[in-house]
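Contents: one structure, followed by commentary.
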Amino acid sequence: MNDHLSLAGILARIGIILAMAGSMALGAARAQAPCSDLPPAEGLTLQTLIDRAQRCAAGPRVADREVAVARQRAVATDAALRPHLSAGATATRETVNPDTLGLAFPGLPSLIGPFGVFDARLRLSQAVIDLAQISAGSAADAAVRAAQARADLDREHLASEVALAFIRALAARENLASTEADLRLAMELDTLAHDQHAAGVASGVDLLRAQTAVAQSRYTRSEAQTLLARSQLRLQGLSELPLDPAALTLQGELAAAAVDETPGPEAALAQARRDRPEFALLDAALAEAEARYAQASRRRLPTLSLVADYGLSTTTDRWDQQDTFRIGAQLSLPIYAGGALQADRAASELRIEQQRLQLAALQRQVEEDVLLAVVTVGNTAEQARAAHAALELAQRELASAGDRFRHGVADNLDVVAAQANLARARSQLVNAQAAQQQARLNLAAATGHASGFGL
């Protein structure tokens, strides 16, 4: 009856394990399902693309699995301090030489057996004092925090890449619009040159000059189209979207977003020290290294465990079963391990020093990143204002030169030069606006907030 209940219990536990495995597989499938649902192709915002990339890209998903692995390792480490219960059974057929047992009686046979032995036993053990294992548990917990910080860092890096690709795609779109506007102006000049030539006002050189401007504008537009396709493909790849340049419509303007009030250097540095995941990562790594050092130092200390077993012992020939048990304590003290304890402790101490050096280097690098980002935001804002003023002046210059050419006062050389200046001013404005948004992005990344960046 007891054997039947034991077998039923084992089968029940196997069923529970299989059910848990099925539930985990279903949960994993559901977690992956949203990535198959594509957002609408029109009006994609930057935050939509960042959220999708962080949810569906391989890097963050791999990092999440690393966090799960670290948590399971922490559970396994903590298990060493919990009660351990095991069961076992042995069945043997033996012969015994009584002389090896110190039995030498007259009439005792030289060989006893063969006879059968059966032993079934439950074993229970519990660690009472194991300071090294306690430190190992602390190290495992710190490893979980480090894995989580690494996952957060991967998401921040991915958000920065997506935002940068988004800004470049917007800039490419604006550049293409500028080149199309330049081409329209060149074609208008070409038409005007033909009309002026027919009226006897313009020369053949004016015609050739206008045709050259049209050809150059077509070439520039073709380059802008290629750049836009390349930037959109890059953005689609980062966002786990189908690679189709014609299917991507972005919602946002380089000049539409109001520039945030730039924080002062001290405020930005304080925010970076508080929110950048690199600090959380190195803090957790340092805590893990210190716990490993404590673990290595405590391995020299004694450990104490309680052990107990209870079972059935009998010979199968006569089946004279007896209940037997054993209760006791086990004390262990390492004396010499071939230098392994000293080497482990020295390696842990070097690891602590390494993490402290990396933390100091990170603090220096973050300070440089933040200060440079703060300065760049201000400078690029001034560049954008200057580029906008230059565009207005170039438009006025072109209007004046066009009027002179229409009235026959001058040839179209000034008009072509003014058109080139206008094209250059448009390109400078787009580049200045893109640089300003990139500077804002760099400041957000330097303070640990790239995931929340918006246009």
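As the structure is a prediction and not an experimental result, all values here were calculated from the model.
- Annotation: side chain of P302 is not in contact with side chain of I129 (no heavy-atom distance under 4.5 Å).
- Of all the heavy atoms in A401 and A418, the pair that sits closest is CB-CB, 4.3 Å.
- A donor-acceptor pair is defined here as one N or O able to donate and one able to accept, closer than 3.5 Å; such a pair exists between the side chain of R52 and the backbone of E240.
- Annotation: side chain of F118 is not in contact with side chain of T315 (no heavy-atom distance under 4.5 Å).
- For N431, the side chain to side chain contact (heavy atoms under 4.5 Å, CB included) partners at least two apart in sequence or on another chain are N175, S427.
- Side chain of R65 to backbone of R61: a donor-acceptor contact under 3.5 angstrom is found.
- To the nearest 0.5 angstrom, S160 atom OG is 11.0 Å from L238 atom CG.
- By the side-chain hydrogen bond (donor to acceptor under 3.5 Å, both in side chains) test, Q133 pairs with no residue at all, sequence neighbours left out.
- One finds a salt bridge joining D119 and R121 here, because a Lys/Arg side-chain nitrogen approaches an Asp/Glu carboxylate oxygen to under 4.0 Å.
- Just one of E223, R168, E174, R173 meets the side-chain contact (heavy atoms from CB on, under 4.5 Å) condition when paired with L228; it is R173.
- In this structure, CG in D152 is found 13.5 Å from CZ in R276, a value given to the nearest 0.5 Å.
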Donor-acceptor contacts under 3.5 Å from residues 387-397 side chains, at least two apart:
{"unit_1": "E397", "atom_1": "OE1", "unit_2": "N421", "atom_2": "ND2", "d": "3.3"}
{"unit_1": "E397", "atom_1": "OE2", "unit_2": "N421", "atom_2": "ND2", "d": "3.2"}

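- Residues satisfying the side chain to side chain contact (heavy atoms under 4.5 Å, CB included) criterion with R351, sequence neighbours excluded, are A289, Q354, Q355.
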> Between S135 and R298, is a side chain to side chain donor-acceptor pair (under 3.5 Å) present by the stated rule, with each step listed?
Replying inline: CA-CA 8 Å; S135 296; R298 290 176 171 181; 3.0 Å; yes
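- Applying the salt bridge (charged side-chain N to carboxylate O under 4.0 Å, His left out) rule to pairs touching residues 321-347 yields R299-D344, D309-R326, sequence neighbours excluded.
- The shortest distance between side-chain heavy atoms of L158 and P60 falls below 4.5 Å.
- Side-chain contact check for Q419 versus D182: every heavy-atom pair is 4.5 Å or farther apart.
- By the 4.5 Å heavy-atom criterion applied to side chains, R209 and L189 are not counted as neighbours.
- The two residues Q433 and A255 have their closest heavy-atom pair at NE2-CB, 3.2 Å.
- With sequence neighbours left out, the side-chain hydrogen bond (donor to acceptor under 3.5 Å, both in side chains) criterion links Q47 to D51.
- Every residue meeting the side chain to side chain contact (heavy atoms under 4.5 Å, CB included) condition with V214, not counting sequence neighbours, appears here in chain and number order: L183, A186, M187, D190, R218.
- Here R150 pairs with nothing under the salt bridge (Lys or Arg N to Asp or Glu O under 4.0 Å) rule; sequence neighbours left out.
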Cut-off 3.5 Å, no hydrogens considered: what does the side-chain donor-acceptor table look like for residues 368-377, sequence neighbours left out?
{"unit_1": "D369", "atom_1": "OD1", "unit_2": "Q365", "atom_2": "NE2", "d": "2.8"}
{"unit_1": "T376", "atom_1": "OG1", "unit_2": "L372", "atom_2": "O", "d": "2.6"}

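- By the side-chain hydrogen bond (donor to acceptor under 3.5 Å, both in side chains) test, S305 pairs with no residue at all, sequence neighbours left out.
- Evaluation of the side-chain hydrogen bond (donor to acceptor under 3.5 Å, both in side chains) rule for R221 yields no partner, not counting sequence neighbours.
- Between L359 and D283 there is a side-chain heavy-atom pair separated by less than 4.5 Å.
- Judged purely by atom type and a 3.5 angstrom limit, S222 has no side-chain atom pairing as donor or acceptor with the backbone of Y219.
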>> As a quick check of understanding, evaluate side chain to side chain donor-acceptor pair (under 3.5 Å) for T48 and T45, giving each step before the final call.
In response: CA-CA 5 Å; T48 297; T45 65; 2.7 Å; yes
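- Checking Q148 against R145 by side-chain atom types alone, no donor-acceptor pair falls below 3.5 Å.
- Between S348 and Q295, every side-chain heavy-atom pair lies at or beyond the 4.5 Å cut-off.
- With a 4.5 Å cut-off on side-chain heavy atoms, H84 and L124 do not count as touching.
- Listed by first and then second residue, the side-chain hydrogen bond (donor to acceptor under 3.5 Å, both in side chains) pairs involving residues 445-455 are Q54-S451, E156-S451, Q271-H449, D275-H449 (not counting sequence neighbours).
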